[in-house]
*Asks:* 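Here it is, the structure, as C-alpha coordinates.
Owing to the predicted nature of the structure, the values given are computational and were not obtained by experimental measurement.
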Amino acid sequence: MYNRSMNRRTFIESSIATGVLASLPSSAFAAAHSIERVGVQLYTVRDLMKTDFAGTIAKVAGVGYKEVEFAGYFHHSPKDVRAIVDKNGLTAPSCHVSYDVVQNHWPETIEAARIVGHSFIVCPWIDEKERKSAAGWKNVIDTFNKAGAASKKAGIQFAYHNHWWEFGPDAALGGKLAYDYLLTACDPDLVKMEMDLGWISVAGKDPVSYFTKYPGRFPLVHVKDFKTLPHLAPDQIATFDPSELEKTSMTAPGSGIIDWKRILSYSDQAGIQHYFLEDDMPKDDWGVLKAGYQYLSTLRF
(Lines give C-alpha, C1' and ligand atoms only; values in the text may rest on other atoms or scores of the structure.)
Protein backbone atom coordinates (compact mmCIF):
# COMPACT_ATOMS: atom_id res chain seq x y z
CA MET A 1 0.00 0.00 0.00
CA TYR A 2 2.85 2.37 0.86
CA ASN A 3 4.63 1.76 -2.44
CA ARG A 4 1.44 2.18 -4.47
CA SER A 5 0.70 5.46 -2.68
CA MET A 6 4.19 6.75 -3.30
CA ASN A 7 4.03 5.81 -6.96
CA ARG A 8 0.73 7.61 -7.41
CA ARG A 9 2.05 10.70 -5.64
CA THR A 10 5.20 10.66 -7.72
CA PHE A 11 3.11 10.38 -10.90
CA ILE A 12 0.92 13.33 -9.90
CA GLU A 13 3.88 15.51 -8.97
CA SER A 14 5.61 14.63 -12.20
CA SER A 15 2.48 15.45 -14.20
CA ILE A 16 2.14 18.83 -12.52
CA ALA A 17 5.80 19.63 -13.19
CA THR A 18 5.43 18.63 -16.82
CA GLY A 19 2.40 20.87 -17.19
CA VAL A 20 4.22 23.82 -15.67
CA LEU A 21 7.22 23.36 -17.95
CA ALA A 22 4.99 23.03 -20.99
CA SER A 23 3.42 26.38 -20.20
CA LEU A 24 6.76 28.17 -20.17
CA PRO A 25 8.41 29.64 -23.27
CA SER A 26 11.30 27.53 -24.54
CA SER A 27 13.75 30.31 -23.68
CA ALA A 28 12.85 29.97 -19.99
CA PHE A 29 14.67 26.65 -19.67
CA ALA A 30 17.04 26.70 -22.61
CA ALA A 31 20.61 25.84 -21.67
CA ALA A 32 22.94 28.82 -21.47
CA HIS A 33 25.41 29.04 -24.33
CA SER A 34 29.06 29.89 -24.04
CA ILE A 35 32.01 30.37 -26.41
CA GLU A 36 34.06 27.21 -26.10
CA ARG A 37 36.96 28.41 -28.25
CA VAL A 38 37.46 32.16 -28.02
CA GLY A 39 39.32 33.56 -31.01
CA VAL A 40 41.18 36.74 -31.94
CA GLN A 41 41.80 38.50 -35.24
CA LEU A 42 45.56 38.98 -35.30
CA TYR A 43 45.15 42.37 -36.98
CA THR A 44 44.67 43.53 -33.38
CA VAL A 45 48.37 42.86 -32.72
CA ARG A 46 49.67 43.53 -36.24
CA ASP A 47 52.51 45.80 -35.09
CA LEU A 48 53.77 43.12 -32.73
CA MET A 49 53.43 40.49 -35.46
CA LYS A 50 55.76 42.51 -37.68
CA THR A 51 58.62 42.35 -35.19
CA ASP A 52 57.99 39.01 -33.42
CA PHE A 53 55.64 36.79 -35.39
CA ALA A 54 56.14 33.53 -33.51
CA GLY A 55 56.46 35.16 -30.11
CA THR A 56 53.26 37.16 -30.52
CA ILE A 57 51.27 34.08 -31.51
CA ALA A 58 52.70 32.23 -28.50
CA LYS A 59 51.69 35.07 -26.21
CA VAL A 60 48.17 35.11 -27.70
CA ALA A 61 47.90 31.41 -26.83
CA GLY A 62 49.21 32.19 -23.36
CA VAL A 63 46.32 34.58 -22.75
CA GLY A 64 43.97 31.65 -23.35
CA TYR A 65 42.81 32.09 -26.93
CA LYS A 66 42.20 28.87 -28.82
CA GLU A 67 41.63 30.25 -32.34
CA VAL A 68 43.38 32.89 -34.42
CA GLU A 69 42.36 34.62 -37.62
CA PHE A 70 45.23 35.83 -39.77
CA ALA A 71 45.50 39.12 -41.64
CA GLY A 72 48.73 38.35 -43.46
CA TYR A 73 51.55 35.88 -42.79
CA PHE A 74 54.27 38.58 -42.59
CA HIS A 75 56.62 36.88 -45.08
CA HIS A 76 56.32 33.47 -43.45
CA SER A 77 55.57 30.43 -45.57
CA PRO A 78 52.24 28.66 -45.06
CA LYS A 79 54.16 25.61 -43.83
CA ASP A 80 55.99 27.66 -41.20
CA VAL A 81 52.75 29.39 -40.14
CA ARG A 82 51.09 26.01 -39.66
CA ALA A 83 54.01 24.78 -37.55
CA ILE A 84 53.80 27.83 -35.26
CA VAL A 85 50.03 27.49 -34.90
CA ASP A 86 50.30 23.78 -34.08
CA LYS A 87 53.17 24.31 -31.64
CA ASN A 88 51.00 26.65 -29.57
CA GLY A 89 47.95 24.40 -29.50
CA LEU A 90 45.94 26.79 -31.64
CA THR A 91 43.79 26.44 -34.73
CA ALA A 92 43.43 29.03 -37.48
CA PRO A 93 39.94 28.65 -38.90
CA SER A 94 40.19 31.68 -41.19
CA CYS A 95 42.27 34.41 -42.76
CA HIS A 96 41.66 37.81 -44.34
CA VAL A 97 42.86 38.61 -47.85
CA SER A 98 42.47 41.70 -50.03
CA TYR A 99 40.06 42.13 -52.91
CA ASP A 100 43.06 42.15 -55.26
CA VAL A 101 44.09 38.72 -53.97
CA VAL A 102 40.57 37.39 -54.55
CA GLN A 103 40.69 38.70 -58.12
CA ASN A 104 44.24 37.89 -59.13
CA HIS A 105 45.89 35.40 -56.78
CA TRP A 106 43.14 32.99 -55.85
CA PRO A 107 44.56 29.50 -56.64
CA GLU A 108 47.73 30.05 -54.60
CA THR A 109 45.69 31.61 -51.78
CA ILE A 110 43.48 28.53 -51.59
CA GLU A 111 46.54 26.29 -51.50
CA ALA A 112 48.11 28.36 -48.70
CA ALA A 113 44.87 28.21 -46.74
CA ARG A 114 44.77 24.44 -47.13
CA ILE A 115 48.30 24.13 -45.71
CA VAL A 116 47.67 26.43 -42.73
CA GLY A 117 44.36 24.72 -42.00
CA HIS A 118 41.86 27.47 -42.75
CA SER A 119 38.22 26.51 -43.26
CA PHE A 120 37.35 30.07 -44.36
CA ILE A 121 38.95 32.76 -46.49
CA VAL A 122 37.48 36.20 -45.85
CA CYS A 123 37.60 39.35 -47.97
CA PRO A 124 37.26 42.41 -45.68
CA TRP A 125 36.99 45.19 -48.25
CA ILE A 126 35.73 46.03 -51.73
CA ASP A 127 37.74 48.43 -53.88
CA GLU A 128 36.02 51.82 -54.10
CA LYS A 129 36.29 51.91 -57.89
CA GLU A 130 34.04 48.84 -58.01
CA ARG A 131 31.45 50.53 -55.82
CA LYS A 132 30.87 53.52 -58.07
CA SER A 133 28.51 51.89 -60.57
CA ALA A 134 25.98 49.11 -60.96
CA ALA A 135 28.35 47.42 -63.39
CA GLY A 136 31.11 47.53 -60.79
CA TRP A 137 28.87 45.95 -58.20
CA LYS A 138 27.89 43.25 -60.70
CA ASN A 139 31.58 42.52 -61.12
CA VAL A 140 31.92 42.19 -57.34
CA ILE A 141 29.14 39.61 -57.26
CA ASP A 142 30.67 37.65 -60.13
CA THR A 143 34.11 37.79 -58.48
CA PHE A 144 32.79 36.59 -55.13
CA ASN A 145 30.68 33.79 -56.58
CA LYS A 146 33.57 32.60 -58.73
CA ALA A 147 35.96 32.70 -55.77
CA GLY A 148 33.45 30.87 -53.60
CA ALA A 149 32.98 28.13 -56.17
CA ALA A 150 36.73 27.59 -56.51
CA SER A 151 37.39 27.50 -52.76
CA LYS A 152 34.41 25.21 -52.20
CA LYS A 153 36.06 22.58 -54.37
CA ALA A 154 39.00 22.64 -51.95
CA GLY A 155 36.70 22.38 -48.93
CA ILE A 156 37.15 26.02 -47.95
CA GLN A 157 34.31 28.53 -47.54
CA PHE A 158 34.60 32.05 -48.93
CA ALA A 159 33.11 34.91 -46.86
CA TYR A 160 32.86 38.68 -46.76
CA HIS A 161 33.52 40.92 -43.74
CA ASN A 162 31.66 44.23 -43.39
CA HIS A 163 32.54 47.66 -42.08
CA TRP A 164 30.05 50.52 -41.56
CA TRP A 165 29.61 51.86 -45.09
CA GLU A 166 27.70 48.83 -46.39
CA PHE A 167 24.69 49.93 -44.34
CA GLY A 168 24.07 53.31 -45.96
CA PRO A 169 21.91 53.89 -49.05
CA ASP A 170 24.10 53.32 -52.10
CA ALA A 171 23.38 55.50 -55.15
CA ALA A 172 25.04 52.98 -57.48
CA LEU A 173 22.53 50.39 -56.24
CA GLY A 174 19.49 52.63 -56.54
CA GLY A 175 19.46 53.42 -52.83
CA LYS A 176 19.77 49.83 -51.67
CA LEU A 177 22.14 48.91 -48.86
CA ALA A 178 25.29 47.27 -50.15
CA TYR A 179 25.11 44.63 -47.41
CA ASP A 180 21.59 43.64 -48.39
CA TYR A 181 22.62 43.55 -52.03
CA LEU A 182 25.52 41.20 -51.27
CA LEU A 183 23.28 38.90 -49.24
CA THR A 184 20.68 38.64 -51.98
CA ALA A 185 22.85 38.71 -55.12
CA CYS A 186 25.63 36.35 -54.01
CA ASP A 187 25.04 32.61 -54.02
CA PRO A 188 24.26 31.83 -50.35
CA ASP A 189 26.14 28.55 -50.56
CA LEU A 190 29.28 30.09 -52.04
CA VAL A 191 29.48 33.40 -50.16
CA LYS A 192 28.91 33.56 -46.40
CA MET A 193 29.29 36.55 -44.11
CA GLU A 194 31.65 37.33 -41.29
CA MET A 195 29.61 39.99 -39.54
CA ASP A 196 31.58 42.64 -37.69
CA LEU A 197 29.19 43.22 -34.81
CA GLY A 198 30.90 46.46 -33.86
CA TRP A 199 30.78 48.18 -37.23
CA ILE A 200 27.17 47.23 -37.95
CA SER A 201 26.31 48.79 -34.57
CA VAL A 202 28.17 51.97 -35.55
CA ALA A 203 25.93 52.15 -38.62
CA GLY A 204 22.86 51.92 -36.37
CA LYS A 205 21.67 48.55 -37.65
CA ASP A 206 20.62 45.57 -35.56
CA PRO A 207 22.59 42.36 -36.17
CA VAL A 208 19.67 40.29 -34.91
CA SER A 209 17.44 41.50 -37.74
CA TYR A 210 19.93 40.04 -40.22
CA PHE A 211 20.32 36.81 -38.25
CA THR A 212 16.58 36.22 -38.37
CA LYS A 213 16.14 37.27 -42.00
CA TYR A 214 19.14 35.32 -43.31
CA PRO A 215 19.55 32.36 -40.95
CA GLY A 216 22.73 30.36 -41.24
CA ARG A 217 24.59 32.93 -43.35
CA PHE A 218 26.96 34.13 -40.60
CA PRO A 219 29.44 31.39 -39.62
CA LEU A 220 31.96 33.91 -38.27
CA VAL A 221 31.67 37.14 -36.31
CA HIS A 222 33.98 39.88 -35.07
CA VAL A 223 33.31 40.88 -31.50
CA LYS A 224 34.18 44.57 -31.26
CA ASP A 225 32.87 47.01 -28.68
CA PHE A 226 32.53 50.80 -28.34
CA LYS A 227 32.10 53.08 -25.35
CA THR A 228 29.83 55.36 -27.42
CA LEU A 229 28.14 55.13 -30.82
CA PRO A 230 27.74 58.04 -33.26
CA HIS A 231 23.98 57.74 -34.06
CA LEU A 232 24.43 58.36 -37.78
CA ALA A 233 21.63 59.38 -40.09
CA PRO A 234 21.36 57.13 -43.16
CA ASP A 235 22.84 59.79 -45.46
CA GLN A 236 25.85 60.20 -43.15
CA ILE A 237 26.98 56.58 -43.20
CA ALA A 238 28.72 56.54 -46.57
CA THR A 239 30.95 59.53 -45.75
CA PHE A 240 31.53 58.78 -42.07
CA ASP A 241 35.18 58.95 -40.98
CA PRO A 242 35.73 56.37 -38.20
CA SER A 243 39.27 57.39 -37.24
CA GLU A 244 38.32 59.39 -34.13
CA LEU A 245 35.85 56.72 -33.01
CA GLU A 246 38.56 54.08 -33.34
CA LYS A 247 40.96 56.13 -31.24
CA THR A 248 38.63 57.20 -28.44
CA SER A 249 35.70 54.78 -28.28
CA MET A 250 36.75 51.32 -29.45
CA THR A 251 37.28 49.10 -26.42
CA ALA A 252 37.51 45.50 -25.25
CA PRO A 253 34.27 43.50 -25.48
CA GLY A 254 32.30 43.82 -22.27
CA SER A 255 33.64 47.27 -21.43
CA GLY A 256 31.48 49.11 -23.98
CA ILE A 257 27.78 49.56 -24.58
CA ILE A 258 26.94 46.76 -27.03
CA ASP A 259 24.49 44.21 -25.60
CA TRP A 260 26.44 41.01 -26.25
CA LYS A 261 24.08 38.70 -24.39
CA ARG A 262 21.17 39.75 -26.57
CA ILE A 263 23.03 39.60 -29.85
CA LEU A 264 24.84 36.34 -29.22
CA SER A 265 21.72 34.62 -27.92
CA TYR A 266 20.85 34.34 -31.62
CA SER A 267 24.08 32.50 -32.43
CA ASP A 268 22.36 29.26 -33.40
CA GLN A 269 19.97 31.00 -35.76
CA ALA A 270 22.80 33.02 -37.29
CA GLY A 271 24.90 29.89 -37.73
CA ILE A 272 27.91 31.30 -35.82
CA GLN A 273 30.79 28.86 -35.49
CA HIS A 274 33.69 31.18 -34.68
CA TYR A 275 33.95 34.32 -32.53
CA PHE A 276 36.96 36.60 -33.02
CA LEU A 277 37.78 39.57 -30.82
CA GLU A 278 39.12 42.49 -32.84
CA ASP A 279 40.30 45.98 -31.97
CA ASP A 280 41.40 48.08 -34.95
CA MET A 281 43.31 50.61 -32.85
CA PRO A 282 44.16 49.07 -29.48
CA LYS A 283 45.57 51.48 -26.91
CA ASP A 284 47.06 48.57 -24.97
CA ASP A 285 47.45 45.41 -27.07
CA TRP A 286 47.67 42.91 -24.23
CA GLY A 287 45.31 44.80 -21.97
CA VAL A 288 42.60 44.58 -24.64
CA LEU A 289 43.32 40.93 -25.38
CA LYS A 290 43.32 39.91 -21.71
CA ALA A 291 40.19 41.86 -20.78
CA GLY A 292 38.36 40.67 -23.89
CA TYR A 293 39.29 37.05 -23.28
CA GLN A 294 38.22 37.20 -19.66
CA TYR A 295 34.83 38.57 -20.67
CA LEU A 296 34.16 36.30 -23.64
CA SER A 297 35.37 33.11 -21.99
CA THR A 298 32.95 33.58 -19.09
CA LEU A 299 30.02 35.05 -21.04
CA ARG A 300 26.77 33.07 -20.95
CA PHE A 301 23.99 33.87 -23.37
*Asks:* Between Lys192, Gln273, Lys152, which is the residue that forms a side-chain hydrogen bond (donor to acceptor under 3.5 Å, both in side chains) with Gln157?
*Replies:* Lys152
*Asks:* For Lys227 and Thr248, which heavy atoms make the closest approach, and how far apart are they?
*Replies:* CD-O, 4.2 Å
*Asks:* Are any of the side-chain heavy atoms of Asp280 and Trp199 separated by less than 4.5 Å?
*Replies:* yes
*Asks:* Drop me the distance from Ser34's OG to Glu36's CD, to the nearest 0.5 angstrom.
*Replies:* 5.5 Å
*Asks:* Less than 6.0 Å separating the ring centroids of His163 and Trp125?
*Replies:* yes
*Asks:* If you define the side chain from C-beta out and look only at heavy atoms, does anything of Pro169 sit under 4.5 Å from Asp235?
*Replies:* no
*Asks:* Do Pro219 and Ile272 come within less than 4.5 Å of each other through their side chains, counting heavy atoms only?
*Replies:* no
*Asks:* Nearest 0.5 angstrom please: Phe74 CZ to Asp80 CG, how far?
*Replies:* 15.0 Å
*Asks:* Taking atom CG of Asp279 and atom CG of Leu289, what is their separation to the nearest 0.5 Å?
*Replies:* 9.0 Å
*Asks:* Membership question, hydrophobic clusters at under 4.5 Å side-chain separation (ILVMFWY): are Val221 and Val122 in the same one?
*Replies:* no
*Asks:* Do the side-chain N and O atoms of Trp260 and Asp225 include a donor-acceptor pair separated by under 3.5 angstrom?
*Replies:* yes
*Asks:* Would a 4.5 Å heavy-atom cut-off, applied to side chains only, mark Pro230 and Phe240 as touching?
*Replies:* yes
*Asks:* For residues Leu183 and Val140: do they belong to one hydrophobic cluster (side chain heavy atoms under 4.5 Å, members Ile, Leu, Val, Met, Phe, Trp, Tyr)?
*Replies:* yes
*Asks:* Regarding Tyr181 and Glu166, is there a side-chain donor-to-acceptor distance under 3.5 Å anywhere?
*Replies:* no
*Asks:* Check whether any side-chain N or O of Thr251 sits under 3.5 Å from a backbone N or O of Gly256 as a donor-acceptor pair, and report yes or no.
*Replies:* no
*Asks:* Is Arg37 close to Thr91 at the side-chain level, that is, under 4.5 Å between some pair of heavy atoms?
*Replies:* yes
*Asks:* What verdict does the side chain to side chain contact (heavy atoms under 4.5 Å, CB included) test give for Leu182 and Ile141, after you've listed the backbone C-alpha separation in whole Å, the side-chain angles of each residue and the deciding distance to 0.1 Å?
*Replies:* CA-CA 7 Å; Leu182 289 167; Ile141 300 302; 3.8 Å; yes
*Asks:* Within the structure provided, determine whether Val101 and Ile121 are in side-chain contact (heavy-atom separation under 4.5 Å).
*Replies:* no
*Asks:* Closest approach of Leu277 and Pro253, non-hydrogen atoms and distance?
*Replies:* CD1-CD, 3.4 Å
*Asks:* With ring centroids as reference points, do Phe53 and His76 lie under 6.0 angstrom apart?
*Replies:* yes
*Asks:* Can any side-chain N or O of Asn88 pair as donor or acceptor with the backbone N or O of Leu90 at less than 3.5 Å?
*Replies:* no
*Asks:* Could you report the tightest heavy-atom contact between Ile200 and Pro207, atom names first, then the distance?
*Replies:* CG2-CG, 3.6 Å
*Asks:* Following the transitive rule for hydrophobic clusters with a side-chain heavy-atom cut-off under 4.5 Å over Ile, Leu, Val, Met, Phe, Trp and Tyr, establish whether Ile126 and Val97 coincide in one cluster.
*Replies:* yes
*Asks:* Is the distance from the ring center of Phe218 to that of Tyr210 below 6.0 Å?
*Replies:* no
*Asks:* Would Asn162 and His222 count as having a side-chain donor-acceptor pair, cut-off 3.5 Å?
*Replies:* no
*Asks:* Distance only, no hydrogens: is a donor on one side chain within 3.5 Å (strictly under) of an acceptor on the other, for Arg82 and Ser77?
*Replies:* no
*Asks:* Picking from Gln41, His96, His161, what satisfies side-chain hydrogen bond (donor to acceptor under 3.5 Å, both in side chains) with Glu194?
*Replies:* His96
*Asks:* What's the verdict on salt bridge (Lys or Arg N to Asp or Glu O under 4.0 Å) for Lys59 and Asp52, showing C-alpha distance, side-chain angles and the deciding distance?
*Replies:* CA-CA 10 Å; Lys59 197 166 181 179; Asp52 187 4; over 6 Å; no
*Asks:* Would Asp170 and Trp165 count as a side chain to side chain donor-acceptor pair (under 3.5 Å) here? Give the steps.
*Replies:* CA-CA 9 Å; Asp170 193 307; Trp165 55 265; over 6 Å; no
*Asks:* Does Phe276 share a hydrophobic cluster with Leu197, counting links as ILVMFWY side-chain heavy atoms below 4.5 Å and allowing steps through other members?
*Replies:* no
*Asks:* Could you tell me whether the side chain of Thr143 and the main chain of Gln103 form a donor-acceptor pair under 3.5 Å?
*Replies:* no
*Asks:* For Ser267 and Tyr275, which I'm curious about, is there any donor-acceptor pair between the side chains at under 3.5 Å?
*Replies:* yes
*Asks:* With the threshold set at 4.0 Å, does a side-chain nitrogen-carboxylate oxygen contact exist between Asp142 and Lys138?
*Replies:* yes
*Asks:* With a 6.0 Å cut-off on ring centres, are Phe167 and Tyr179 close enough?
*Replies:* yes
*Asks:* Okay, side chain of Arg217, backbone of Phe211: is any donor-acceptor separation there less than 3.5 Å?
*Replies:* no
*Asks:* With rounding to the nearest 0.5 angstrom, report the CD to OG distance, Gln294 to Ser297.
*Replies:* 5.0 Å
*Asks:* To the nearest 0.5 Å, what is the distance between CE (Met250) and CE (Met281)?
*Replies:* 8.5 Å
*Asks:* Determine the minimum heavy-atom distance between Arg262 and Asp259, stating which atoms define it.
*Replies:* N-OD1, 3.2 Å
*Asks:* Mind checking whether Ile156 and Ser119 have side chains closer than 4.5 Å, heavy atoms only?
*Replies:* no
*Asks:* For Lys283, does the NZ atom sit with more than 12 other heavy atoms under 6.0 Å from it, leaving out its own atoms?
*Replies:* yes
*Asks:* Take Ser201 and Leu229 through the test side chain to side chain contact (heavy atoms under 4.5 Å, CB included) and record every step on the way to the result.
*Replies:* CA-CA 8 Å; Ser201 299; Leu229 293 172; 4.3 Å; yes
*Asks:* Judged by modelled atom types alone, do Glu69 and His118 share a side-chain donor-acceptor pair under 3.5 Å?
*Replies:* no
*Asks:* Taking atom types as modelled and ignoring hydrogens, do the side chains of Asp241 and Ser243 form a donor-acceptor contact shorter than 3.5 angstrom?
*Replies:* yes
*Asks:* So Trp286 and Val288, do their side chains get closer than 4.5 Å, heavy atoms only?
*Replies:* no
*Asks:* Check whether any side-chain N or O of Trp106 sits under 3.5 Å from a backbone N or O of Ala147 as a donor-acceptor pair, and report yes or no.
*Replies:* yes
*Asks:* Which heavy-atom pair separates Val116 from Pro78 by the least distance, and what is that distance?
*Replies:* CG2-O, 3.6 Å
*Asks:* For the atom pair OG1 (Thr212) and OH (Tyr214), what is the distance rounded to the nearest 0.5 Å?
*Replies:* 10.0 Å
*Asks:* Compute the ring centroids of Phe70 and Tyr73, then answer whether they are less than 6.0 Å apart.
*Replies:* yes
*Asks:* Quick one: do Asp206 and Lys213 satisfy salt bridge (Lys or Arg N to Asp or Glu O under 4.0 Å)? Show the steps, please.
*Replies:* CA-CA 11 Å; Asp206 183 6; Lys213 188 174 182 179; over 6 Å; no
